[in-house]
J.: 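Here it is, the structure in full.
What you see is a predicted model; the values in this text were computed from it and never measured. Each chain gets a letter, A, B and so on, in the order its sequence line appears, and its residues count up from 1.
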Number of protein chains: 2
Amino acid sequence: MSNSETKEQRREKRILDAASELIVRFGYDKTTVREIADAAGVSKGAIYLHFDSKRELFEGLLLREFRLVSRAWLDSVEADKEAGSLGSMYRAILSAQHESELMMAIYRQDPKVLGSYLHAEDNIFERAYSQSVHVRFVEQMQAAGVIRQDIDAQVISHVMDIVDYGFVSIGELKEPEQIPSHEETIELIGQMLDRALTPAEGVDREKGRAVIRRLIDEYDEILAQLMGQGDE
Amino acid sequence: MSNSETKEQRREKRILDAASELIVRFGYDKTTVREIADAAGVSKGAIYLHFDSKRELFEGLLLREFRLVSRAWLDSVEADKEAGSLGSMYRAILSAQHESELMMAIYRQDPKVLGSYLHAEDNIFERAYSQSVHVRFVEQMQAAGVIRQDIDAQVISHVMDIVDYGFVSIGELKEPEQIPSHEETIELIGQMLDRALTPAEGVDREKGRAVIRRLIDEYDEILAQLMGQGDE
DNA sequence: GTTTGACCAAAAAAACGATTTCGGTCATAC
DNA sequence: GTATGACCGAAATCGTTTTTTTGGTCAAAC
C-alpha cells in the first residue's frame with residue numbers, strides 16, 4: 001500500500017467536501033443528495049456506493065471533522081515547543097475548532113445546520129457525549145501536575161465547557177463588528193486558565209503534551225467505535 | 001407621598017408577576033392576554049388600563065426585570081464588605097442573573113421564551129445593546145485600577161460576555177445532572193477573572209464599589225430612557 | 001466491473017377554505 | 001370615575017386535498 005489515495009478515496013473526499021460546504025451553508029435538511037452529487041461532480045447513484053443513506057453520509061462527515069480537528073489540535077501542540085501549559089493547549093483547541101465552520105456548528109448544536117439530525121434518535125452526539133472526555137482530560141491533567149488538584153475536576157471541566165460553548169456561540173448573539181479578533185480573545189482566555197489553574201510549583205510541559213497524545217489516541221478509538229456502530 | 005404602594009401599583013405588580021410566570025413557562029407567543037388577566041385575578045380590560053398593548057406589557061416586564069436584577073446586584077455588592085475585586089463583583093452579577101429564570105432567558109436570547117418578540121423590529125434588546133454598557137464597565141474599572149490596563153477593554157469585555165453567555169446557556173446543552181452546583185462554578189469563574197485581570201499592585205476595593213454605584217445610576221437612566229421611548 | 005439517471009413510494013410542501021383563537025375596543029354596569 | 005366582558009376584525013390554526021420534492025433503487029449503458 002502506497003501513501004497515494006485510491007480513486008475511490010478521492011471520490012469519497014470530494015463527496016464529503018461538497019456535503020460539508022452545502023450543509024454548513026444551507027443546513028442538513030435543506031441539502032439534498034442530488035445537490036451533493038452535482039457539487040461533487042458525481043452521479044446520485046455513486047453516492048450510494050460510498051454511503052448507505054443520507055444520514056450515514058452525514059455521520060461520516062461528522063466523524064471526519066472530529067478527526068481532522070483533533071489532528072489539527074495535536075499537530076499544533078506538537079509544533080509549539082512552548083506548549084504544554086493548560087492555557088496554551090486550550091488556546092490550540094479553540095483555534096482548531098474556530099478554523100472549521102462545521103465544527104463550530106456542531107459544538108453549539110446549531111439547529112440551522114444540524115436540522116432534524118439534532119433530534120434524531122441515537123444520533124452520534126448522544127453517543128459521543130456519554131463518554132465524558134472533558135472530565136477525563138482535566139483529571140489526567142491534574143494527575144500530570146499541569147492543573148491544580150485542589151479543585152474538583154467536574155467543576156473545572158464545566159467551566160471550560162462554559163467558555164468553549166460561549167466562544168463558539170457568541171456569534172449568534174453579537175454582530176461581527178462587535179467581536180474583537182479571535183486571536184486576542186483566545187490569548188486572554190488562555191491567560192485566565194493558566195493563572196487560575198496552574199499549580200504554584202510550576203509545570204512540566206512535556207508531561208502536559210504526553211497527556212494530549214494519550215488522550216487523542218483514546219479519542220481516536222472512541223471515534224473508530226462510533227464509526228463501527230454506524231455500519232451495522 | 002408615603003412608601004406604601006397605591007392600589008394601582010399593586011395591581012400592576014400582580015399583572016407583571018402573572019405575566020412573568022406564564023411567559024417563562026409557556027413563552028411570549030403562547031401566553032395570551034386573557035390568561036395573564038385570569039392568573040392576575042383581574043379582567044382583560046384592566047390590563048389595558050395599565051399597558052397599551054401586549055407588547056408594551058412585555059417590555060414593561062423586561063424593564064422591571066433589568067431593574068430588579070441590577071438592584072439585586074448592587075445590594076449584594078454593598079452588603080459584602082469583601083467585595084470590590086473584579087471577581088467578587090462578577091460573581092455577584094452571575095448570581096443575581098441566575099436567580100431569575102426570565103433574566104437567564106433574556107441573556108441567552110431564548111426563542112422558546114421570547115418568541116416572536118425576539119425578531120420584532122426595534123425591540124428593546126437592539127436598543128439596549130447599542131449602548132455598550134459592558135465595555136464601559138470594563139473601561140471604568142480600568143480607570144479605577146481594579147482591572148489591568150494593558151489589555152484592551154473591548155477584548156476583556158468580550159471574554160466576559162463569552163463567559164456570561166456560556167454560563168446562562170449551558171443548560172441548553174447539558175443535562176442537569178451533568179452540571180455542578182452553580183456556587184462552585186461561579187466561585188471558579190470569579191477566581192479566574194481575579195487572577196488574570198487584577199493589577200499586580202493590588203486594588204482599592206472601595207473604588208471598585210464606587211464604579212458599580214456610578215454604573216448602576218447610568219444604567220437606570222438608560223432604562224428610564226428606554227421606558228420613555230416605549231410610551232410614544 | 002462501474003457508473004448512471006430514469007423511476008418509485010413516501011414524505012414534505014403548498015393550496016385552500018373552514019374554524020378557532022387572540023389582541024384590542026367600548027358600551028354598559030357598578 | 002373605574003372596571004368589566006361581550007364583541008369585532010385580523011390572524012393563526014386546523015383539516016383536507018393536491019402537488020412537488022426527495023431519499024433510495026436498479027435495469028440499462030458504459
J.: Report, as a single string ordered 5' to 3', how protein heavy atoms within less than 4.0 Å touch nucleotides 24-30 of chain D: B base, S sugar-phosphate only, - not at all.
T.: BB-----

J.: Considering only residues two or more places apart or on different chains, which pairs with a residue in residues 111-120 of chain B satisfy salt bridge (Lys or Arg N to Asp or Glu O under 4.0 Å)?
T.: B/Asp110-B/Lys112, B/Lys112-B/Glu172

J.: Has B/Tyr28 got a side-chain atom pairing as donor or acceptor with B/Leu118's backbone, closer than 3.5 angstrom?
T.: no

J.: Check the interface with nucleotides 10-14 of chain D: list each N/O to N/O pair with the protein under 3.5 Å, or write none.
T.:
none

J.: Could you tell me whether B/Asp29 and B/Lys54 have a side-chain N and a carboxylate O separated by less than 4.0 Å?
T.: no

J.: To the nearest Å, how far apart are A/Lys7 NZ and C/dT3 C1'?
T.: 10 Å

J.: Which nucleotide in the list D/dG23, D/dA3, C/dT4 gets nearest to the side chain of A/Thr32?
T.: D/dG23

J.: Roughly, in whole Å, what's the span from CD1 in A/Ile23 to P in D/dG23?
T.: 10 Å

J.: Please check if any side-chain donor atom of A/Ser100 sits under 3.5 Å from a side-chain acceptor atom of A/Glu65, or the reverse.
T.: yes

J.: Looking at B/Asp17, B/Leu16, B/Thr31, which one forms a side chain to side chain contact (heavy atoms under 4.5 Å, CB included) with B/Ile36?
T.: B/Thr31

J.: Among residues at least two apart in sequence or on other chains, which ones pass salt bridge (Lys or Arg N to Asp or Glu O under 4.0 Å) with A/Asp75?
T.: none

J.: Tell me: CZ of B/Arg11 to C1' of D/dG1, nearest whole Å?
T.: 12 Å

J.: Among all residues two or more places apart in sequence or in another chain, which pass the side-chain hydrogen bond (donor to acceptor under 3.5 Å, both in side chains) test with A/Glu35?
T.: none

J.: Can you list the residues that meet the salt bridge (Lys or Arg N to Asp or Glu O under 4.0 Å) rule with B/Arg136, with sequence neighbours excluded?
T.: B/Glu218

J.: Report the distance from atom CD of A/Glu35 to atom P of D/dT22, rounded to the nearest whole Å.
T.: 7 Å

J.: Just the rounded figure in Å: distance from P of C/dT3 to CZ of A/Arg10.
T.: 12 Å

J.: Between atom NE2 in B/His50 and atom P in C/dG23, what is the gap in whole Å?
T.: 18 Å

J.: In whole angstrom, what separates B/Ile47's CD1 from C/dG24's P?
T.: 11 Å

J.: Distance check needed: C/dT4 C1' versus A/Arg34 CZ, whole Å only.
T.: 12 Å

J.: Describe the nucleic acid contact of B/Ser116 in one word from base, sugar-phosphate, nothing, applying a heavy-atom distance below 4.0 Å.
T.: nothing

J.: Taking the ring of B/Phe167 and the ring of B/His182, is the distance between their centroids below 6.0 Å?
T.: no

